[in-house]
Amino acid sequence: MEANGDGARIRPRGDRLPAAARVLAGQGGEARLRRRGDDPGDHAGEWGFDRCEYFHAELDESFPIEDTQAFAAGSDKMVIVAFRGTEPKKIKDWLSDTNTLAAPGPAGKGLVHLGFSRALDSIYPRVRDAVQRFRNDDQSLWFTGHSLGGALAMLASARIFFEDPQLLPDGVYTFGQPRTCDRLLAGPYNEALAARVFRFVNNNDVVPQLPPEPVFHHVDDVRYFDSSGKLHEKITFTAGLTDKFKGFTGDAFAPAADGIRDHMIDRYVELIQKNF
């Protein structure tokens, strides 16, 4: 990635941005998955892919999220795995629980959020098999997702690499991703995927602030959209607080709704298109 001036506008180097934005933002692939029954395979050709597989698993009634959905799409140049998100208020209420349990991380590294682990487990074997089939000529490999889907994209990329180091993802792009794991997984993940992970956060988006610290921790590297919609590669703690307050007070009639508005997938799509 390249930055101009203060880093507010960042341009992609090579094919890194298109691998995520083409499906999630530019082509709206993840957004289509919000409507159950809309098979991404029907649209794969429009996005430049000649193969596509859709994954869906219902979760048991004890789980606050109804199901897990994702798809893998492949071409002669790249393979992309995209995970569907969920409704902002639903995930906010769920992740606010301070009694959230943790599960062992991939290859025994650290701990991960139990709910995310169970959601990924429900489809991961099929995702892994599709990646292995589609990646038949050393194509580049990408993971992406919004909200819950961002957490699953991060965990899937960790699992596929730590269980098979020959499958090192070329890029992981998440949007509004919650904290997903502890430091004992975040550390090795950041080292293994250095300069390959881009965790986009929009101003006061409430979901990246959950689940509560210190058990759960974010992975690198954050890319921050400020209250005016400009993208920053880096922002100081003080500048971030000032900007978050500016965003919070931007709507005098509904300041408390700012965290939900900033999480919406349509807003991330708009910001990606504005900055790239």
Side-chain angles (χ1 to χ4, degrees), residues 7-10 17 20-21 23-36 38 64-66 69 82-98 100 113 115-116 144-154 173-180 198-213 216 218 221-276:
R9 187 172 179 84
I10 304 176
L17 178 74
V23 174
L24 181 59
Q27 302 295 342
E30 196 273 347
R32 290 183 188 275
L33 281 179
R34 290 179 296 178
R35 299 192 300 273
R36 183 180 301 180
D38 189 6
I65 305 299
E66 295 177 355
Q69 296 185 53
F83 291 86
R84 193 200 80 165
T86 190
E87 294 299 323
K89 188 178 186 305
K90 184 182 294 185
I91 195 171
K92 173 182 176 293
D93 292 344
W94 173 39
L95 295 180
S96 297
D97 185 356
T98 57
T100 298
H113 186 284
F116 298 153
T144 188
H146 166 256
S147 190
L148 168 66
L152 300 185
M154 178 264 151
Y173 288 78
T174 69
F175 302 80
Q177 173 193 338
R179 296 187 181 100
T180 307
F198 299 87
R199 183 172 57 82
F200 291 89
V201 176
N202 178 29
N203 192 236
N204 283 318
D205 185 343
V206 66
V207 172
Q209 303 173 45
L210 300 169
E213 294 182 304
F216 296 99
H218 270 308
D221 279 315
V222 67
R223 296 296 186 268
Y224 176 73
F225 292 110
D226 67 20
S227 57
S228 66
K230 291 183 179 180
L231 182 59
H232 296 262
E233 187 170 353
K234 296 183 183 299
I235 190 165
T236 67
F237 178 76
T238 302
L241 283 180
T242 301
D243 184 66
K244 287 178 180 297
F245 181 76
K246 182 179 178 182
F248 181 77
T249 58
D251 186 347
F253 296 100
D258 187 47
I260 298 297
R261 287 196 305 268
D262 284 352
H263 184 65
M264 303 302 290
I265 180 60
D266 291 342
R267 181 57 176 156
Y268 276 100
V269 170
E270 177 185 341
L271 293 172
I272 286 291
Q273 294 173 339
K274 174 181 178 179
N275 283 272
F276 292 97

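Quantities reported herein were computed from a predicted structural model and do not represent experimental measurements.
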Side chain to side chain, E233 and R223, heavy atoms closer than 4.5 Å: yes
Non-hydrogen side-chain atoms of F200 and L271 separated by less than 4.5 Å: no
Which pair of heavy atoms, one from [X] and one from [Y], lies closest together, and at what distance?
X    : Y    : result
P211 : F216 : CB-CD1, 3.7 Å
F83  : L152 : CD2-CB, 3.6 Å
D205 : V207 : OD1-N, 3.0 Å
H232 : D226 : NE2-OD2, 2.8 Å

Chi angles and distances behind the side-chain contact (heavy atoms from CB on, under 4.5 Å) call for N202, F175: CA-CA 8 Å; N202 178 29; F175 302 80; over 6 Å; no
Those residues that, when tested against R199, pass salt bridge (charged side-chain N to carboxylate O under 4.0 Å, His left out) (two or more places apart): none
Nearest-0.5 Å distance that lies between atom CZ in F225 and atom CG in N203: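 Here the rounded value is 11.5 Å.
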Approximate separation, where rounding is to 0.5 Å, of N204 CG and R261 CZ: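 Going from CG on N204 over to CZ on R261, the span is 9.5 Å.
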Backbone of P208 reached by a side-chain donor or acceptor of H218 within 3.5 Å: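 At least one qualifying donor-acceptor pair exists.
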Sidechain-backbone polar pair: S147 side chain, G176 backbone, donor-acceptor under 3.5 Å: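 Side chain of S147 to backbone of G176: no pair is present.
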Derivation and outcome, side-chain contact (heavy atoms from CB on, under 4.5 Å), residues T174 and F198: CA-CA 6 Å; T174 69; F198 299 87; over 6 Å; no
side-chain hydrogen bond (donor to acceptor under 3.5 Å, both in side chains) partners of R179, counting only residues at least two apart: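 Checked R179 against side-chain hydrogen bond (donor to acceptor under 3.5 Å, both in side chains); zero matches.
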side-chain contact (heavy atoms from CB on, under 4.5 Å) between H113 and T180, intermediate numbers included: CA-CA 6 Å; H113 186 284; T180 307; 5.6 Å; no
